[in-house]
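Values below: every heavy atom of this structure, side chains too, minus hydrogens, waters and symmetry copies. Just so we're on the same page: letters track the sequence lines, and every chain starts at 1.
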2 protein chains.
Amino acid sequence: MLTSVDTELMRVLADPLRLKIVTLLAREILCTTHLVEETGAKQTNLSNHLKVLREAGVVETEPCGRFTYYRLRPDVIASLAGRFAELAETAQVTAATDTKRTCP
Amino acid sequence: MLTSVDTELMRVLADPLRLKIVTLLAREILCTTHLVEETGAKQTNLSNHLKVLREAGVVETEPCGRFTYYRLRPDVIASLAGRFAELAETAQVTAATDTKRTCP
DNA sequence: TGAAAATATCAGTTTATGCTGACGTCAGTC
DNA sequence: GACTGACGTCAGCATAAACTGATATTTTCA
């Protein structure tokens, strides 16, 4: 059974800046200041995007004094990768067998 | 080296209706009429979304008389799945080793 | 305690984009 | 050759969402 891809998660990850953040967090656990440096975005803007990522469960926070560390949740990304892999596999079979519905 | 996820492709796939179309096309090659039936969306709306998917290289068309068959390109989805799998793998290592940049 | 730094929140503006209705085009059928 | 059905295009509208500036909150350090 082909489980569908989470639309909300896709929406969250579709923004260029958020995708950049996710890519950066995949390599290192960073705090907002680092992300401001790396992306060049305004702190306010970044904070908004981080909130979106947090609420979507993509990242987790860990307070450290007056800093806040952000870490990416690997399982969320892995799950998404799995969904797309399934989808690609299904599409592969469809293409190979040329499964088409007849015109009405 | 971690190749980044294609933002444009993500934007295209982030729409609920387009994701629905992609999921349907993964199983069967369909024409617009079928997609109208399956999704319940207006033909015009669907045509607009199909154009977006076409221009992004996600789907291909095959004319058949006055009908137009749409097929999903498995390689595009497979590639995306691969990128996310890499990202997840990197994030997994980062989490396991607790790789964090020190506060400035 | 007062100042500064790190981060979050809020309100307002602007931009992007999805949806719709009207219309155009091309292929098949009577 | 006129008609119908499948599909695409275009212009306009409406909503969502990204960006910004101002401000609040919390923590650290002198």
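Applying the side chain to side chain donor-acceptor pair (under 3.5 Å) criterion to B:H49, with sequence neighbours excluded, gives B:R18, B:N45. For A:S47, the side chain to side chain contact (heavy atoms under 4.5 Å, CB included) partners are A:Q43, not counting sequence neighbours. Taking B:T99 as the reference, B:T97 meet the side chain to side chain donor-acceptor pair (under 3.5 Å) condition, with sequence neighbours excluded. The side chain to side chain contact (heavy atoms under 4.5 Å, CB included) search around A:A95 returns B:P74, not counting sequence neighbours. In this structure A:D6 satisfies the side chain to side chain donor-acceptor pair (under 3.5 Å) test with no other residue, sequence neighbours excluded. Under the side chain to side chain donor-acceptor pair (under 3.5 Å) criterion, A:E8 pairs with A:R11, not counting sequence neighbours.
Using a 4.5 Å heavy-atom threshold, the side chains of A:L72 and A:I77 count as touching. Between A:L13 and B:V5 the shortest side-chain heavy-atom distance does not fall below 4.5 Å. Residues B:L80 and B:M10 are in side-chain contact: their nearest non-hydrogen atoms beyond the backbone lie under 4.5 Å apart.
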### Message
Could you go through A:L17 and A:L46, starting from their C-alpha distance and side-chain angles, then the distance that decides it, and tell me whether this counts as side-chain contact (heavy atoms from CB on, under 4.5 Å)?
### Response
CA-CA 8 Å; A:L17 186 47; A:L46 213 49; 4.3 Å; yes

### Message
For a salt bridge (Lys or Arg N to Asp or Glu O under 4.0 Å) check, start with the C-alpha distance between B:E38 and A:R101, then their side-chain angles and the critical distance, and finish with the verdict.
### Response
CA-CA 12 Å; B:E38 294 285 343; A:R101 194 181 297 185; 2.9 Å; yes

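Distance NE2 (B:H34) to P (D:dA6): 10 Å, rounded to an integer number of Å. Computed from coordinates, the A:K51 NZ to D:dA17 P distance equals 13 Å when rounded to whole Å. Rounded to an integer number of Å, the gap from B:L50 CG to C:dG18 C1' is 14 Å. Distance CG (B:L46) to P (D:dT9): 14 Å, rounded to an integer number of Å. If you take CZ of B:F67 and P of C:dA27, they are 14 Å apart, rounded to a whole angstrom. Remark: P of C:dA6 and CG of A:L35 are 13 Å apart, rounded to the nearest angstrom. For B:R18 and C:dA16, the CZ to C1' distance is 12 Å, given to the nearest whole Å.
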If you look only at distance, which donor and acceptor atoms sit under 3.5 Å apart when one is on a side chain in residues 50-62 of chain A and the other is two or more places apart or in another chain?
{"residue": "A:R54", "atom": "NH2", "partner": "A:Y70", "partner atom": "OH", "Å": "3.3"}
{"residue": "A:E62", "atom": "OE1", "partner": "A:R71", "partner atom": "NH2", "Å": "2.5"}

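Residues from residues 54-63 of chain B lying near DNA chain D, meaning a heavy-atom separation below 4.0 Å, are B:R54 in numerical order. Within residues 7-17 of chain A, the residues that place at least one heavy atom under 4.0 Å from DNA chain D are, in residue-number order, A:R11, A:D15.
Comparing D:dC19, C:dA8, C:dG18 by their nearest atom to the side chain of A:S47 picks out C:dA8.
For the helix from C:dT1-D:dA30 to C:dC30-D:dG1, the terminal axes (five pairs an end, C1' atoms, rotation from four pairs onto the next four) enclose an angle of 10°, given to 10 degrees.
Side-chain heavy atoms closer than 4.5 Å link hydrophobic residues (I, L, V, M, F, W, Y) into clusters, and following such links, even through other members, never connects B:F67 to B:L25.
Residue A:H49 places at least one side-chain N or O under 4.0 Å from the OP1 or OP2 atom of D:dC19. Remark: B:Y70 is in phosphate contact with D:dG8, judged by side-chain N or O atoms under 4.0 Å from OP1 or OP2.
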### Message
Strictly under 4.0 angstrom, non-hydrogen atoms only: write out the protein contact profile of nucleotides 20-27 of chain D, one letter per nucleotide from the 5' end, B, S or -.
### Response
BBB----S

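A:Y69 forms part of a hydrophobic cluster together with A:I29, judged by ILVMFWY side-chain heavy-atom separations under 4.5 Å.
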